[in-house]
2 protein chains.
Amino acid sequence: MLDALGDPTRRAIFELLAAGPRSVAEIAADLPVSRPAVSQHLKVLKDATLVSSTAVGTRRVYTLDPHGLAAVRGYFDQFWQQALAAFAHAAENPPEEEQ
Amino acid sequence: MLDALGDPTRRAIFELLAAGPRSVAEIAADLPVSRPAVSQHLKVLKDATLVSSTAVGTRRVYTLDPHGLAAVRGYFDQFWQQALAAFAHAAENPPEEEQ
DNA sequence: ACGAACGGTAAGTCTAGGCTTTCCGAAGCG
DNA sequence: CGCTTCGGAAAGCCTAGACTTACCGTTCGT
């Protein structure tokens with residue numbers, strides 16, 4: 001999931017799709033990599049449920065998939081809560097250690 | 001930023017720190033990698049402002065850094081908004097899905 | 001003051017995976 | 001029917017970076 005977004009090129013694709021649905025060739029046109037490379041990245045993103053595809057003739061239109069996006073958001077919200085709690089806890093206690 | 005969280009080991013460290021502050025050795029004890037490896041990962045996480053360290057004697061206690069966490073949250077919230085808008089837009093168009 | 005613990009740095013190895021070229025199947029158009 | 005466009009699959013190259021071991025510098029305890 002976050003593995004998929006760890007790659008800069010995949011994030012670029014992800015951000016392009018955030019602006020609206022696109023075909024593979026259209027995505028590749030805005031990126032410094034070849035079309036097959038984009039295809040491979042889309043496969044990874046699709047497996048991570050971060051994007052989904054729709055067949056339109058010979059074209060494949062890709063869109064952001066809310067499922068993965070919601071999952072990622074949930075992941076960080078979870079840590080956000082924990083971090084806040086840990087922070088509040090640390091703010092009151094003097095820097096002591098516990099085990 | 002997301003590059004830092006793209007690595008499984010770094011995510012493991014990140015999640016360990018979510019439970020509470022820890023020293024390097026304590027982190028390494030719960031991971032299948034050597035202590036220097038953890039040190040290297042912590043440097044990356046620190047550069048990404050995802051964690052911060054405090055010197056306590058010879059020990060270095062690492063904690064989650066709210067700054068990076070907030071940034072990541074903001075990043076995905078941004079796309080969440082866009083995805084919702086794109087979704088509402090797609091709901092009106094001829095819905096053709098596949099796979 | 002000496003030694004031990006903690007942890008960052010350096011150097012080197014080795015694998016994962018990102019990218020390319022090549023090729024092939026599928027769908028539209030004349 | 002070709003022929004063209006689109007995009008996924010296969011094969012191979014090659015670099016980034018995730019590890020390791022070894023080595024210091026620093027700080028604390030006795």
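Values reported hereafter were calculated over all heavy atoms of this structure, with side chains retained and with hydrogens, waters and symmetry mates removed.
What separates CG of A:Leu45 from P of D:dG8 is a distance of 12 Å, to the nearest Å.
For the OP1/OP2 pair of D:dG8 and a distance below 4.0 Å, the side-chain nitrogens and oxygens of A:Tyr62 include at least one atom meeting the criterion.
Listed by chain and number, the residues in a salt bridge (Lys or Arg N to Asp or Glu O under 4.0 Å) with B:Arg60 amount to none (sequence neighbours excluded). Evaluation of the salt bridge (Lys or Arg N to Asp or Glu O under 4.0 Å) rule for B:Lys46 yields no partner, not counting sequence neighbours. Taking A:Glu15 as the reference, nothing meets the salt bridge (Lys or Arg N to Asp or Glu O under 4.0 Å) condition, with sequence neighbours excluded. Listed by chain and residue number, A:Tyr75, B:Phe14 satisfy the ring pair (Phe, Tyr, Trp, His ring centres under 6.0 Å) test with A:Phe79 (two or more places apart in sequence, or in another chain). Residues that satisfy the side-chain contact (heavy atoms from CB on, under 4.5 Å) test with B:Ala12, not counting sequence neighbours, are B:Leu31. Judged as a side-chain hydrogen bond (donor to acceptor under 3.5 Å, both in side chains), and not counting sequence neighbours, the contacts of B:Asp3 are A:Arg11.
Side-chain atoms of A:Arg35 do not come within 3.5 Å of backbone N or O of A:Ala25 as any donor-acceptor pair. A donor-acceptor pair under 3.5 Å is formed between the side chain of B:Arg10 and the backbone N or O of B:Ala4.
Counting only residues at least two apart or in different chains, ring pair (Phe, Tyr, Trp, His ring centres under 6.0 Å) contacts with residues 16-54 of chain B are absent.
Note: the hydrophobic cluster containing A:Leu16 also contains A:Leu5 (ILVMFWY, side chain heavy atoms under 4.5 Å, direct or indirect links).
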Decide side-chain contact (heavy atoms from CB on, under 4.5 Å) for B:Ile27 and B:Leu42; before the verdict, give the C-alpha distance in whole Å, the side-chain angles of both, and the deciding distance to 0.1 Å.
CA-CA 10 Å; B:Ile27 296 172; B:Leu42 285 170; 4.2 Å; yes

Using a 4.0 Å heavy-atom cut-off to protein, can you give one letter per nucleotide of nucleotides 11-23 of chain D, 5' to 3': B if the base is in contact, S if only the sugar-phosphate is, - if neither?
B------SBBBB-

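The outermost nucleotides of DNA chain C lying under 4.0 Å from heavy atoms of chain B, listed 5' to 3', are C:dC6 to C:dA11.
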Interface polar pairs with nucleotides 24-30 of chain D, N/O, under 3.5 angstrom:
none

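The C1' atoms of five pairs define one axis at each end of the helix from C:dA1-D:dT30 to C:dG30-D:dC1, and these two axes lie 20° apart (to 10°).
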Under 3.5 Å, which donor-acceptor pairs link side chains of residues 61-73 of chain A to any protein atom two or more places apart or in another chain?
| from | atom 1 | to | atom 2 | distance (Å) |
| --- | --- | --- | --- | --- |
| A:Asp65 | OD1 | A:His67 | N | 2.9 |
| A:Asp65 | OD1 | A:His67 | ND1 | 2.6 |
| A:Arg73 | NE | B:Asp77 | OD1 | 2.7 |
| A:Arg73 | NH2 | B:Asp77 | OD1 | 3.1 |

